[in-house]
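If you read the sequence from its start, that first residue is 1, and numbering goes on from there.
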Amino acid sequence: MIDGAYALAGALTGFIVGLTGVGGGALMMPILLLLGVAPTTAIATDLWFAALTKIVAASIHNGSAQIDWEVVKRLWLGSLPMALLVVALVSFGASVQKVDWLTEAIGVVILITALGMLLAPVLRLFARERRLDNSSHFKRLQPALTVLAGLALGLCVALTSVGAGALGSVILLYLYPQRMTPHRLVATDIMHAIPLALVVGLGYLFAGMLDGHMLISLLVGSIPAVVVASLMSRRLNGRWIQVLLAMVLLAGGVKTLA
């Protein structure tokens, strides 16, 4: 039986993901927590929801050749090893459900993500000015900084399911201010998030934390929405949606911490 509340949450999140590449964790996590889902169950289910929803979005965005594979591979070099480490800890009995500060950690990450999204144009401008001042030095540091960013994102996603899309997009805007056009940013961010969510999600799946019924209900709403939004994203400027999402995340983060 499909749960209407979860299907509606999936449709809303899927639409935002298709337009901006953001929201699989940052928007869905506060929604699930507000619906009364236990933090570890929310993380496990959200990881699979984000991965499957973004696979659909990526197939559409890649059709227009927007994915920057060089940047994606650099991020994977950092994020996937960290994700595998967490999977190993969970699989060998790490007691994730006893982490008392998990809800607070999710709230903090959501607030940081929201602030980063609001300040994204400022970060882009700051990075662009730095690059123009010392472009050769900036370019030499890009690969190493991208790997380090991936490592941080892997840790963040493994602990909270939040960050691969939202924090990732903010980081990419800073590291690649000239290279990341809006549409390329969405496509690249989505592609990086998919295997990261799957790898971490496997650990939670084997630990028995996934709620399959909830996941199906979420996907019933998200799949049609992400298809429509991904097609629309080729024609729309997503900045106003990004600002709206940031405001929603601020409210959700504050509610989570309250």
Side-chain angles (χ1 to χ4, degrees), residues 1-18 20 22-54 86-87 89-90 93-115 117 155-167 193 196-198 200-226 229 244-258:
M1 185 95 179
I2 302 301
D3 187 302
Y6 292 140
L8 181 60
L12 172 63
T13 306
F15 191 80
I16 297 297
V17 168
T20 68
V22 172
L27 182 59
M28 183 56 73
M29 274 303 300
I31 291 175
L32 293 180
L33 293 176
L34 290 174
L35 290 174
V37 180
T40 51
T41 302
I43 290 171
T45 307
D46 181 43
L47 285 164
W48 283 95
F49 163 79
L52 296 174
T53 300
K54 288 184 177 184
V86 174
V87 167
L89 291 174
V90 172
S95 190
V96 178
Q97 62 266 35
K98 294 183 180 179
V99 180
D100 296 331
W101 46 264
L102 194 53
T103 301
E104 287 75 16
I106 292 169
V108 169
V109 172
I110 290 170
L111 287 177
I112 293 172
T113 298
L115 291 173
M117 292 174 68
L155 178 62
C156 192
V157 170
L159 291 177
T160 69
S161 88
V162 179
L167 285 177
L196 176 57
L198 288 174
V200 180
L202 283 172
Y204 287 95
L205 175 63
F206 293 144
M209 299 175 188
L210 176 68
D211 187 324
H213 175 260
M214 185 197 309
L215 177 61
I216 292 172
S217 296
L218 292 171
L219 291 174
V220 164
S222 73
I223 299 302
V226 78
L244 177 61
L245 177 58
M247 300 305 295
V248 172
L249 292 179
L250 281 173
V254 171
K255 180 66 176 178
T256 302
L257 292 171

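- Put simply, NE2 on His213 and CG on Asp3 are 6.0 Å apart, with the number rounded to the nearest 0.5 Å.
- Across Met209 and Ala44, no two heavy atoms sit closer than the pair O-CB, 3.6 Å.
- With rounding to the nearest 0.5 Å, the separation of OG1 in Thr45 from CD1 in Ile216 is 11.0 Å.
- A side-chain contact (heavy atoms from CB on, under 4.5 Å) with Trp48 is found for exactly one of Leu202, Leu219, Asp211, namely Leu202.
- Closest of all the heavy-atom pairs between Ile31 and Ala9 is CG2-CB, 3.7 Å.
- Of the candidates Leu198, Leu52, Leu196, Val157, Val157 is the only one forming a side-chain contact (heavy atoms from CB on, under 4.5 Å) with Leu47.
- The main-chain N or O of Leu27 is never found under 3.5 Å from a side-chain atom of Thr13 such that the two would form a donor-acceptor pair.
- Here the shortest heavy-atom pairing between Ala158 and Val86 reads CB-CG2, 3.4 Å.
- Considering every non-hydrogen atom in both Gly14 and Ala229, the closest pair reads O-CB, 4.5 Å.
- With values rounded to the nearest 0.5 angstrom, Asp46 atom CG is found 11.0 Å from Leu210 atom CG.
- Here the CG atom belonging to Leu218 is positioned 10.5 Å from the CD1 atom belonging to Ile223, to the nearest 0.5 angstrom.
- Among the candidates Leu215, Leu32, Val17, the single residue satisfying the side-chain contact (heavy atoms from CB on, under 4.5 Å) test with Phe49 is Leu215.
- Note: Tyr6 OH to Met214 CE = 4.0 Å, rounded to the nearest 0.5 Å.
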